Amino acid sequence: MTEKDINAKRFLDLIQKSRKGKFKVYIGMSAGVGKTFRMLQEVHTLLRNGIDVKIGFIETHNRKETHELLEGLPIVPKRSLYYKGKYLEEMDVQAIINLRPEVVIVDELAHTNIEGSKNEKRWQDVMDILDAGINVISAVNIQHIESLNDDIKEITGIEVKERIPDSVLKAADEVVNIDLTADELITRLKEGKIYTSDKIQSALGNFFKPQHILQLRELALKEVASQVERKVETEVTGGGLRQERFLACISSNHTTAKTVIRKTARLANYYHSKWYVLYVETPRERGDKIALDKQRHLINNFRLATELGAEIIRIKNSKVATAITEQAEARKITTICIGKPHITLFKVILSTNIFKSLLNKLTSSSIDLIILS
């Protein structure tokens, strides 16, 4: 691509960005912190100021104070879909686009749409609405962020199934944290302001344990802080610091690979930088030599990395360390991320040729090496 082509593409990107709607996301540490309540308060404020706002989808969870705010607001009727013997309702994306309000409210960003919908996920619906030039205000809990999935499982013991790629938050023009202390949230739960009385004790013994809430709160605060920092770097300082570029190196060990992908995605998101996932296929890991389930997991990990914003590099080479350093140099990588081996680092340095070779090659370069546990 010539310099002329690059300049033309940059100008086209600016035009397309200006045509897209603005995207605001309310984020919280858990259900019940008041994200939907705050969105509805904002709708009333916008309406008082003459802004054309519509409710595309809202979920009040029958919370009295939230439901009261919904009264009298303009709601876009949902569409019905026949699924497994009954009619279910989903947000009507096309109706919203046809109505073209200035602002639309779309709750439950991580929701999975009913089979037969145009998009599998609601966040994809939101992207379509933004592409149509309509501004969107939405909400999501911290446990639904893809790259935090392992951390959330470690904290709560629960694997969250409905998740959004980190790129969705990265696309937001504004991310606002709705914050409560652990005590305030537990008080709201006990007063029946989050769940019905039959679910309170179960919630207190699981997701709403004080130690869980504190850790989730920390994750939410860090996420918003990193979003603000990214904005400052790109819009205020002009990106004068070293431009970080990350290379996540994975193998066919799917569990370690998934951890490396998610943690590298967090680092890349924090630094607002480009990142890659490298898989070196050695003669021992040829397609006809590894089990079908390993091949399937590998493909799923490539898909996960792509969703999180990585560029996939898949090469064949019998010398893994050489392949890694060659790719790192070719793509101007600043940091290489690898999984923690199942033996001590000392033994690795002494007895594992791949690591010895990699460390030797990196010694003479300015590339950092991070070993992720």
Side-chain angles (χ1 to χ4, degrees), residues 110 141-170 212 215-216 218-220 222-223 226 244-271 273-282 285 290-291 293-315 320-321 323-324 327-328 333-349 352 354-355 358-359 362 367-373:
N141 288 326
I142 193 68
Q143 66 261 31
H144 296 291
I145 309 301
E146 178 63 62
S147 68
L148 288 173
N149 191 249
D150 293 335
D151 296 306
I152 299 297
K153 189 175 180 180
E154 193 174 323
I155 291 167
T156 66
I158 298 165
E159 183 170 9
V160 178
K161 299 297 183 186
E162 292 190 319
R163 306 189 293 270
I164 64 168
D166 293 48
S167 58
V168 176
L169 274 192
K170 198 173 177 182
H212 292 172
Q215 290 175 86
L216 293 171
E218 183 186 19
L219 288 177
K222 280 182 178 177
E223 181 61 39
S226 72
E244 299 288 344
R245 293 167 81 91
F246 292 89
L247 179 68
C249 302
I250 67 168
S251 69
S252 58
N253 182 325
H254 70 278
T255 307
T256 303
K258 196 174 286 185
T259 300
V260 170
I261 288 167
R262 284 183 172 141
K263 290 195 174 183
T264 308
R266 295 297 298 167
L267 287 166
N269 189 47
Y270 180 81
Y271 286 101
S273 60
K274 190 167 180 61
W275 68 292
Y276 304 84
V277 166
L278 171 64
Y279 171 68
V280 182
E281 184 185 303
T282 61
E285 288 206 339
I290 62 171
D293 61 332
K294 277 197 171 186
Q295 291 182 44
R296 200 161 50 244
H297 286 309
L298 193 59
I299 291 165
N300 287 338
N301 280 331
F302 288 152
R303 187 181 297 120
L304 171 65
T306 304
E307 285 177 359
L308 289 173
E311 183 179 319
I312 308 298
I313 309 166
R314 188 172 181 174
I315 59 173
V320 176
I324 292 172
Q327 289 299 319
I333 298 299
T334 59
T335 306
I336 293 172
C337 299
I338 60 175
K340 184 180 179 181
H342 297 295
I343 51 179
T344 67
L345 183 58
F346 181 70
K347 284 184 179 176
V348 167
I349 294 169
T352 308
I354 290 173
F355 280 88
L358 181 59
L359 289 168
L362 294 182
I367 301 171
D368 296 324
L369 177 66
I370 296 178
I371 299 175
L372 299 166
S373 59

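Only a predicted model underlies this, so the values are computations on that prediction, with no experimental measurement involved.
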Nearest atoms (heavy-atom pairs only) where [X] meets [Y]:
X: Glu244; Y: Thr335; answer: OE1-OG1, 3.7 Å
X: Ser147; Y: Ala265; answer: CB-CB, 4.2 Å
X: Ala268; Y: Trp275; answer: CB-CD1, 3.4 Å
X: Ile315; Y: Ala323; answer: CD1-CB, 3.7 Å
X: Ile338; Y: Cys249; answer: CG2-CB, 3.9 Å
X: Ser251; Y: Leu298; answer: O-CD1, 3.8 Å

- [ ] Evaluate the side-chain proximity of Val260 to Val277: yes if any heavy-atom separation is below 4.5 Å, no if none is.
- [x] no

Open item on the list: Quick check: do Gln327 and Tyr276 have side-chain heavy atoms less than 4.5 Å from each other?
Closed with: no

Task: Set of ring-ring contact (aromatic ring centres under 6.0 Å, His included) partners for His297, sequence neighbours left out - done: His254

Open item on the list: So for atom NZ, which belongs to Lys222, do other residues, nucleotides or ligands contribute more than 12 heavy atoms lying within a distance under 6.0 Å?
Closed with: no

TODO: Evaluate the side-chain contact (heavy atoms from CB on, under 4.5 Å) criterion for residues Ile155 and Glu218: first the C-alpha distance (whole Å), next the side-chain angles of each, then the deciding distance (0.1 Å), finally the verdict.
DONE: CA-CA 12 Å; Ile155 291 167; Glu218 183 186 19; over 6 Å; no

Open item on the list: If the condition is salt bridge (Lys or Arg N to Asp or Glu O under 4.0 Å), which residues does Glu159 pass it with, not counting sequence neighbours?
Closed with: Lys153, Lys161

- [ ] Could you tell me which residues satisfy side chain to side chain contact (heavy atoms under 4.5 Å, CB included) with Ala328, sequence neighbours excluded, listed by chain and number?
- [x] Leu247, Ile333, Ile336, Ile367

From [X] [atom1] over to [Y] [atom2], what is the distance, rounded to the nearest 0.5 angstrom?
X: Ser252; Y: Asp293; atom1: OG; atom2: CG; answer: 10.0 Å
X: Asn269; Y: Leu308; atom1: CG; atom2: CG; answer: 9.0 Å
X: Ile152; Y: Gln215; atom1: CD1; atom2: CD; answer: 9.5 Å
X: Leu169; Y: Ile164; atom1: CG; atom2: CD1; answer: 4.5 Å
X: Asp151; Y: Leu219; atom1: CG; atom2: CG; answer: 6.0 Å

TODO: May I ask you to decide if Arg245's main-chain N or O and Ser273's side chain share a donor-acceptor pair within less than 3.5 Å?
DONE: no

Open item on the list: Keeping His144 on the side-chain end and Glu162 on the backbone end, is there a donor-acceptor pair under 3.5 Å?
Closed with: yes

Open item on the list: I need the single residue from Ile261, Leu278, Thr264 that forms a side-chain contact (heavy atoms from CB on, under 4.5 Å) with Cys337. Which is it?
Closed with: Thr264

Open item on the list: Filter on salt bridge (Lys or Arg N to Asp or Glu O under 4.0 Å), then keep only pairs touching residues 255-269, sequence neighbours left out; what's left?
Closed with: Glu146-Arg262, Asp150-Arg262, Asp166-Arg266, Glu223-Arg266

Task: With Lys274 via side-chain hydrogen bond (donor to acceptor under 3.5 Å, both in side chains) - residues at least two apart - done: Glu311

- [ ] For Asn301, enumerate each residue passing the side-chain hydrogen bond (donor to acceptor under 3.5 Å, both in side chains) test, keeping only those at least two apart in sequence or located in another chain.
- [x] none

